[in-house]
Amino acid sequence: MRRFVRHALTIIGAAVAATTAPLTAPLAAATADGTVSAQNGVVSVSPAEGETVGVAAPVTIRFAGPVADRAAAQQAVGFSASNVPDGAFSWPDDATMRWTPSGYWPSHSTVTVVAAGYPHKFRTGAEVVGIASISQHTFTVKIDGKVVKTMPASMGRPKHPTPVGSFTTLEKQNPVVMDSRTIGIPLNSPEGYKLTVYNAVRVTWGGVYVHAAPWSVASQGKANVSHGCINLSSENAAWYYNTVGIGDPVIINA
């Protein structure tokens with residue numbers, strides 16, 4: 001049974017159409033008094049129409065200009081799915097509204113987002129959850145609730161600890177150049193580096209990845225020697241890279 005969740009008392013704006021069309025022009029967004037503001041038209045919704053994403057993917061709505069009444073914009077958003085998780089709104093900037101689930105979307109499912117009366121659909125894939133244990137030096141992957149692989153890993157050394165918490169995969173890069181200067185370590189420092197890294201899955205915009213690290217294989221499963229990333233062998237990193245989707249959860253435990 002599908003469930004439609006309004007994240008306020010009512011949905012403000014036009015009635016939901018029976019079918020969904022691609023977004024080709026700014027859409028009118030309703031203001032608090034029910035009038036329409038072309039300036040604050042919805043110009044994009046992410047995930048993209050028809051895109052398949054991970055079960056922890058946020059929904060980002062971009063407006064044509066700054067939104068003066070954020071509460072009204074949030075009231076004009078609703079979700080339809082077989083099970084809609086709780087979540088919260090945030091505003092990365094004055095024209096961008098993001099809703100981040102605190103739980104997971106149902107896997108293998110269709111989610112409908114209604115923003116200012118516009119219906120927009122995306123899909124979720126399998127529930128692929130990566131679980132890192134800093135103390136046990138492991139990275140475990142569950143798919144749809146079942147453990148399918150536990151891999152030796154190496155996380156951040158004490159001087160550069162891997163952050164603990166719940167995260168969402170942000171992008172996949174193969175390869176990516178990692179430069180120590182981006183985390184404040186000069187190249188001429190004994191800890192400086194500039195490396196081409198393969199099968200890299202970004203976990204934070206601050207530079208934490210799950211990635212192939214053939215240079216630390218001897219420490220994987222035994223000691224934490226990285227600068228904060230989750231190091232895997234080349235084979236294991238390639239497997240995870242090809243298994244995970246953007247928006248899948250990563251849980252890092254102490």
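Atom set for the values below is all heavy atoms of this structure, side chains included, hydrogens, waters and symmetry mates excluded.
Using a 4.5 Å heavy-atom threshold, the side chains of Val55 and Pro249 count as touching. Residues Val53 and Ile246 are not in side-chain contact: their nearest non-hydrogen atoms beyond the backbone lie 4.5 Å or more apart. Put simply, the side chain of Met151 reaches to within 4.5 Å of the side chain of Val141, judged on heavy atoms. Lys121 is listed as a side-chain neighbour of Glu49, based on a closest heavy-atom distance under 4.5 Å. Proximity of Phe89 to Val77: side-chain heavy atoms (C-beta onward) are separated by under 4.5 Å at one or more points. For the pair Val59/Trp105, a side-chain contact is recorded, criterion being any heavy-atom separation below 4.5 Å from C-beta on. Between Lys172 and Arg202, every side-chain heavy-atom pair lies at or beyond the 4.5 Å cut-off. Taking the side chain as every heavy atom from C-beta outward, Ile230 and Tyr240 never approach each other to under 4.5 Å.
Formation of a donor-acceptor pair under 3.5 Å by the Ser180 side chain with backbone atoms of Tyr193 is found in this model. Looking at Asp144, its side chain does come within 3.5 Å of a backbone N or O of Glu127 through a donor-acceptor pair. For Thr96 (side chain) and Asp93 (main-chain N/O), no donor-acceptor pair under 3.5 Å exists by modelled atom type. Counting only distance, with no hydrogens or angles, the side chain of Thr162 and the backbone of Gly228 share a donor-acceptor pair below 3.5 Å. Panel note: side chain Ser154, backbone Val225; a donor-acceptor pair is recorded below 3.5 Å. Side chain of Thr124 to backbone of Pro106: a donor-acceptor contact under 3.5 angstrom is found.
His211 and Tyr209 have perpendicular rings, their planes meeting at more than 60° on a 0 to 90° scale where under 30° would count as parallel.
Dense packing is recorded around CD of Glu171, with more than 12 heavy atoms of other residues, nucleotides or ligands lying under 6.0 Å away. Applying the 6.0 Å contact sphere to NZ of Lys222 captures no more than 12 heavy atoms from other residues, nucleotides or ligands.
Of all the heavy atoms in Ala254 and Ser133, the pair that sits closest is O-OG, 4.1 Å.
To the nearest 0.5 Å, atoms CD1 (Ile185) and NE2 (His160) are separated by 4.0 Å.
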Q.
side-chain hydrogen bond (donor to acceptor under 3.5 Å, both in side chains), that's the test. Do Asn236 and Ser233 meet it? Break it down for me.
A. CA-CA 5 Å; Asn236 285 334; Ser233 69; 3.3 Å; yes
